[in-house]
Amino acid sequence: MSPSLVNSTTQYNFKVVLLGEGCVGKTSIVLRYVEDKFNPQHISTLQASFLTKKVNLDNGAKVQLNIWDTAGQERFHALGPIYYRGSHGAILVYDITDEDSFQKVKNWVKELKRMLGSDIILTIAGNKTDLENERTVPFEDALDYADSVGAYYFETSAKANENIEKLFTELTEFMIEHVQQNNQQNQRSALNGQFGQRRLIVEDSLDGSDDAGAPVNGTTRSCCG
């Protein structure tokens, strides 16, 4: 579903999905962004939870983000398509102290690219930068990987409220840019189609290929000689 532009081109409605292993901090990231809260006790998400936030960007754009926070447990993995279908943006979260959670992000990237192609904007978030001294995933490795798959990379800490606002704001701007580019391409395609149709009509008139019986240069063609 394309983002809806209501009354003007500055109002958007986007669906964003968070994917990643359990305990990487997806729920903490969402709650920090939407409610500016942090719960030090881990709360497991059962299947998925849904939150919304209205955003006013500096350029005047008004955006409603519909954010789906999905469960990370392996037994819920098969439910992923239910929640990311129709998404305009995805945040793939891993824990910088957990190499396995980073490898699992790569699986999600492959799946999203296979299912949604270029219709979705991908961001990768290395969470828990407040545990820098326990890091097992080098920043450069994660950044290089994100670049290789066309994803945007951020490092965050829901606990310290580091880069959370930036993550969602920049993702929102990327999604708007994507929509505008698609709209421009659609407009160009429509114009090219109109001009192409007009050119065919003009060429048909010039070469005299009118319907049988129509006047051509002051004469009348007969179908039967």
Side-chain angles (χ1 to χ4, degrees), residues 1 3 13-34 38-39 42-53 64-129 136-137 141-159 162-175 178:
M1 178 179 65
N13 193 329
F14 291 121
K15 177 180 177 181
V16 175
V17 62
L18 277 80
L19 299 166
E21 290 298 284
C23 302
V24 297
K26 298 188 299 297
T27 300
S28 294
I29 287 174
V30 175
L31 289 179
R32 175 63 83 179
Y33 177 62
V34 176
F38 178 78
N39 187 343
H42 173 68
I43 302 174
S44 295
T45 302
L46 297 178
Q47 296 191 18
S49 62
F50 173 75
L51 297 93
T52 63
K53 179 159 182 169
Q64 176 170 304
L65 294 179
N66 305 302
I67 306 169
W68 286 89
D69 171 25
T70 64
Q73 294 88 340
E74 187 64 31
R75 67 181 182 276
F76 292 123
H77 183 92
L79 297 175
I82 296 174
Y83 302 113
Y84 65 65
R85 185 179 298 119
S87 295
H88 307 103
I91 300 175
L92 307 166
V93 185
Y94 74 94
D95 177 349
I96 66 166
T97 72
D98 182 354
E99 170 70 25
D100 183 63
S101 70
F102 176 61
Q103 297 303 323
K104 293 295 177 57
V105 159
K106 296 180 180 181
N107 295 335
W108 281 114
V109 168
K110 291 177 182 177
E111 182 165 339
L112 289 173
K113 281 183 169 292
R114 179 174 60 85
M115 298 295 292
L116 301 176
S118 61
D119 290 337
I120 188 168
I121 302 297
L122 300 180
T123 58
I124 297 174
N127 194 39
K128 302 189 182 182
T129 53
T136 60
V137 182
D141 290 357
L143 180 60
D144 287 346
Y145 170 71
D147 286 343
S148 73
V149 295
Y152 299 95
Y153 183 65
F154 299 84
E155 291 208 331
T156 60
S157 170
K159 182 177 182 179
E162 181 177 286
N163 286 336
I164 301 298
E165 185 82 22
K166 180 179 181 180
L167 167 64
F168 282 92
T169 298
E170 294 197 14
L171 171 58
T172 301
E173 291 172 346
F174 295 144
M175 291 188 294
H178 184 67

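Count residues from 1 along the sequence.
A donor-acceptor pair under 3.5 Å links the side-chain atoms of K15 to the main chain of R85, judged by distance alone. Side chain of S101 to backbone of D98: a donor-acceptor contact under 3.5 angstrom is found. A donor-acceptor pair is defined here as one N or O able to donate and one able to accept, closer than 3.5 Å; no such pair exists between the side chain of S157 and the backbone of T129. When atom types are taken as modelled, the side chain of R32 and the backbone of I164 share no donor-acceptor pair closer than 3.5 angstrom. Looking only at distances, a side-chain donor or acceptor of T123 sits under 3.5 Å from a matching main-chain atom of A90. H178 places a side-chain N or O within 3.5 Å of a backbone atom of S118 that can act as its donor or acceptor partner. Side chain of K159 to main chain of K128: no donor-acceptor pair is present (N/O by atom type, distance under 3.5 Å, no hydrogens or angles). Side chain of N127 to backbone of V24: a donor-acceptor contact under 3.5 angstrom is found.
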Is there a side-chain contact (heavy atoms from CB on, under 4.5 Å) between N66 and V16? Walk through the geometry before answering. CA-CA 6 Å; N66 305 302; V16 175; over 6 Å; no
Where do L19 and V17 land on the side-chain contact (heavy atoms from CB on, under 4.5 Å) test, with the steps shown first? CA-CA 6 Å; L19 299 166; V17 62; 4.1 Å; yes
Checking W68 against L18 for the side-chain contact (heavy atoms from CB on, under 4.5 Å) test, could you report, in this order, the C-alpha distance in whole Å, the side-chain angles of both residues, the deciding distance, and whether it holds? CA-CA 6 Å; W68 286 89; L18 277 80; over 6 Å; no
Determine whether L31 and D69 satisfy the following criterion, side-chain contact (heavy atoms from CB on, under 4.5 Å), listing intermediate values before the conclusion. CA-CA 10 Å; L31 289 179; D69 171 25; over 6 Å; no
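Distance check: L116 CG to H88 NE2 gives 10.5 Å after rounding to the nearest 0.5 Å. Note that CZ of F174 is 12.0 Å distant from CG of L122, once rounded to the nearest 0.5 Å. We find the CG-CD distance between N107 and E111 to be 8.5 Å, quoted to the nearest 0.5 Å. With rounding to the nearest 0.5 angstrom, the CD1 atom of I121 is 12.0 Å from the OG atom of S87. For the atom pair CD1 (I91) and CD1 (I67), the distance works out to 7.0 Å, reported to the nearest 0.5 Å.
Using bins of under 30°, 30° to 60° and over 60° for the plane-to-plane angle, the ring pair W108/Y84 lands in the perpendicular bin.
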Let me have the donor-acceptor pairs involving side chains of residues 144-155, under 3.5 Å, with sequence neighbours excluded, atom names and distances please.
residue	atom	partner	partner atom	Å
S148	OG	Y145	O	2.6
Y153	OH	Y94	OH	2.6
Y153	OH	E155	OE2	2.6
E155	OE1	R135	NH2	2.7
E155	OE2	R135	NH1	3.0
E155	OE2	R135	NH2	3.4

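With sequence neighbours excluded, the residues forming a side-chain contact (heavy atoms from CB on, under 4.5 Å) with T97 are D95, L131, E134, listed by chain and number. For E99, the side-chain hydrogen bond (donor to acceptor under 3.5 Å, both in side chains) criterion is met by Q103, not counting sequence neighbours.
In this structure, the side chains of L92 and L112 come closer than 4.5 Å at one or more pairs of heavy atoms. Contact of the E162 side chain with the T156 side chain is not registered, since no non-hydrogen atoms from C-beta on lie closer than 4.5 Å. Two residues are said to be in side-chain contact when any heavy atoms from C-beta on lie closer than 4.5 Å; F102 and D100 fail this criterion.
For NZ of K53, the number of neighbouring non-hydrogen atoms (other residues, nucleotides, ligands) closer than 6.0 Å is greater than 12. In this structure, K106 places its NZ atom where more than 12 heavy-atom neighbours from other residues, nucleotides or ligands lie under 6.0 Å away.
For the residue pair F168 and L65, the shortest heavy atom distance occurs at CD2-CD1, 4.4 Å.
There is no side-chain donor-acceptor pair under 3.5 Å between E165 and N163.
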